[in-house]
Amino acid sequence: MNGLKDAVVLITGGGSGLGRALVERFLCEGARVAVLESSAARASSLRTDFGEEVEAIIGDVTVYADNARAVERTVARFGRLDTFIANAGVFDFFQALPQYEGDKLAAAFDELFAVNVKGGLLGARAALSELVKARGSIIFTISNAGFYPGGGGPLYTASKHALVGLVKQLAHELAPKVRVNGVAPGGMSTNLSGLRATGTAAQSLADVEGLDRMLRDVTPLQVSPKPKDYCGPYVLLASATDAGPITGAIINTDGGLGVRGIVNIRGGEAL
């Protein structure tokens, strides 16, 4: 695709995992990239690895002022903003409802929703005026958990379902000036971390034993994708040339979970 040359993209959580893969892919597509990253070490790594190609801003997606500062820095550096990607997230590590005490449940809910839902909403609001000027777009990172159970516990699943609604509502509100879409990746081995409220903040999906095998077993395509494998749909949706008529859409990139069925997930083996 050539619709992104010199486009300006702001990615939250762009210092690791899927976010960093998106940084690399958008740079390869000719875009100019800014990142809002909570970790000073990861922001420093971006500067070391990409130099002047990336504007790395340290901040917290749950704080509106940090989102606004990221937009201001992006525009000051690159002159405009074409696409905002709400990608930052945290995970509940499949913790089921009976495993929470009431007070821990409330704290975990507030912490997870603050990043996964409020963070994206604040970022979208902070970017809005610049996106209107550019006739730009917003892309939310959702998940297979936004459509099916079992991709997380109730908190993570609820947060991703909330983002599905947010994509549709904002696409409705912001048309015709800003397109709003989502990408719903399947699982992947990254350092997506947990919650302080549950003592899992130091854990990551990369620590989950047998994750690659599980993903291959559960998906009809029998795949365990790497973060870079999920980037294509973001590139498509960010391009006004290639996705000009698309808004309110969510692209599922989950290895075929939606066609898994209830009997045999490998029916294609007979072909």
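Note: hydrogens, waters and symmetry copies are ignored here, and every other heavy atom, side chains too, is used.
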Asker: I'd like to know if the side chain of Ser193 reaches the main chain of Gln203, judged simply by a donor and an acceptor atom lying under 3.5 Å from each other, with no hydrogens or angles considered.
Answerer: no
Asker: Is there a donor-acceptor pair closer than 3.5 Å between any side-chain N or O of Asp60 and the backbone N or O of Thr62?
Answerer: yes
Asker: Does the distance from a Lys or Arg side-chain N to an Asp or Glu carboxylate O, for Asp229 and Arg25, drop under 4.0 Å?
Answerer: no
Asker: To the nearest 0.5 Å, how far apart are CG in Leu163 and NZ in Lys168?
Answerer: 12.5 Å
Asker: Tell me whether Phe26 shares a hydrophobic cluster with Ile251, the cluster being built from Ile, Leu, Val, Met, Phe, Trp, Tyr side chains joined at under 4.5 Å.
Answerer: yes
Asker: Which heavy atom of Ile57 sits nearest to which heavy atom of Ala70, and what is that distance?
Answerer: CD1-O, 4.0 Å
Asker: Mind checking side chain to side chain contact (heavy atoms under 4.5 Å, CB included) for Phe78 and listing every partner two or more places apart, or none if nothing turns up?
Answerer: Val8, Arg32, Ala34, Glu55, Thr74
Asker: How long is the span from the CG atom in Asp82 to the CG atom in Leu10, to the nearest 0.5 Å?
Answerer: 11.5 Å
Asker: Could you walk me through whether Asp49 and Arg20 satisfy the salt bridge (charged side-chain N to carboxylate O under 4.0 Å, His left out) test, starting with their C-alpha distance in whole Å, then the side-chain angles of each, then the deciding distance to 0.1 Å, before giving a yes or no?
Answerer: CA-CA 11 Å; Asp49 293 344; Arg20 184 170 173 118; 2.3 Å; yes
Asker: Below 30° counts as parallel, above 60° as perpendicular, anything between as tilted: where do the rings of Phe113 and Phe109 land?
Answerer: parallel
Asker: In plain terms, say whether Glu130 and Lys133 are close enough for a salt bridge, that is, a side-chain N and a carboxylate O under 4.0 Å apart.
Answerer: yes
Asker: With a 3.5 Å distance limit and no angle check, can you tell me whether Thr12 reaches the backbone of Asn87 through a side-chain donor-acceptor pair?
Answerer: yes
Asker: Side chains of residues 180-188: which donor-acceptor pairs under 3.5 Å do they make with residues two or more places apart or in other chains?
Answerer:
residue	atom	partner	partner atom	Å
Asn181	OD1	Gly248	N	3.1
Asn181	OD1	Ala249	N	2.9
Asn181	ND2	Ile246	O	3.1

Asker: Show the numbers, then the answer: is there a side chain to side chain contact (heavy atoms under 4.5 Å, CB included) between Thr141 and Ile139?
Answerer: CA-CA 7 Å; Thr141 293; Ile139 304 172; 5.9 Å; no
Asker: Does any non-hydrogen side-chain atom of Val167 lie less than 4.5 Å from one of Ile250?
Answerer: yes
Asker: If only atom types and distance count, is the side chain of Glu37 paired as donor or acceptor with the main-chain N or O of Ser39 below 3.5 Å?
Answerer: yes
Asker: Quick one: list whatever passes side chain to side chain contact (heavy atoms under 4.5 Å, CB included) with Asn116, sequence neighbours left out.
Answerer: Val90, Leu112, Tyr156, Ser159, Lys160
Asker: For Glu24 and Leu27: C-alpha separation, side-chain torsions, deciding distance, then whether side chain to side chain contact (heavy atoms under 4.5 Å, CB included) applies.
Answerer: CA-CA 5 Å; Glu24 296 181 7; Leu27 288 174; 5.8 Å; no
Asker: Identify the heavy atoms of Ala127 and Phe84 that sit nearest to each other, and give their distance.
Answerer: CB-CB, 4.1 Å
Asker: Roughly how far apart are Ser137 OG and Leu237 CG, rounded to 0.5 Å?
Answerer: 7.5 Å
Asker: What is the minimum heavy-atom distance between Ala124 and Ile138, and which atoms define it?
Answerer: CB-CD1, 3.8 Å
Asker: Let me confirm one number: the CG-NZ distance from Asp110 to Lys118, rounded to the nearest 0.5 Å.
Answerer: 8.5 Å
Asker: Between the side chains of Ser16 and Asn191, does any donor sit under 3.5 Å from an acceptor?
Answerer: yes
Asker: Give a yes or no on whether Leu122 and Val115 share a hydrophobic cluster (residues Ile, Leu, Val, Met, Phe, Trp, Tyr; joining criterion: side-chain heavy atoms under 4.5 Å apart).
Answerer: no
Asker: Check whether any side-chain N or O of Asn67 sits under 3.5 Å from a backbone N or O of Val63 as a donor-acceptor pair, and report yes or no.
Answerer: yes
Asker: Give, for atom CZ of Phe93 and atom CG of Leu205, the distance between the pair rounded to the nearest 0.5 Å.
Answerer: 5.0 Å
Asker: Is the closest side-chain heavy-atom distance between Gln95 and Pro154 below 4.5 Å?
Answerer: no
Asker: Arg196 and Glu111: salt bridge (charged side-chain N to carboxylate O under 4.0 Å, His left out), yes or no, with the steps?
Answerer: CA-CA 8 Å; Arg196 295 185 301 276; Glu111 184 180 348; 3.8 Å; yes
Asker: Looking only at heavy atoms, which two atoms of Thr83 and Leu131 are closest? And how far apart?
Answerer: N-CD2, 3.9 Å
Asker: Indicate the atoms forming the closest heavy-atom contact of Asp92 with Leu155, along with that distance.
Answerer: OD2-N, 3.4 Å
Asker: Would a distance-only check, ignoring hydrogens and angles, find a side-chain to backbone donor-acceptor pair under 3.5 Å from Arg179 to Ala243?
Answerer: yes
Asker: Does the pair Leu128 and Leu174 meet the rule for a side chain to side chain contact (heavy atoms under 4.5 Å, CB included), with working shown?
Answerer: CA-CA 9 Å; Leu128 184 57; Leu174 303 183; 3.9 Å; yes
Asker: Of all heavy-atom pairs between Ala162 and Val117, which one has the smallest distance, and what is that distance?
Answerer: CB-CG2, 4.1 Å
Asker: Using only heavy-atom distances, determine whether the side chains of Tyr100 and Thr198 contain a donor-acceptor pair under 3.5 Å.
Answerer: no
Asker: Indicate yes or no: at least one non-hydrogen side-chain atom of Ser189 is less than 4.5 angstrom from one of Leu211.
Answerer: yes
Asker: Give a yes or no on whether the backbone of Thr157 and the side-chain of His161 come within a donor-acceptor separation of less than 3.5 Å.
Answerer: yes
Asker: Side chain to side chain contact (heavy atoms under 4.5 Å, CB included) for Val164 and Phe140? Distances and angles first, verdict last.
Answerer: CA-CA 9 Å; Val164 171; Phe140 287 89; over 6 Å; no
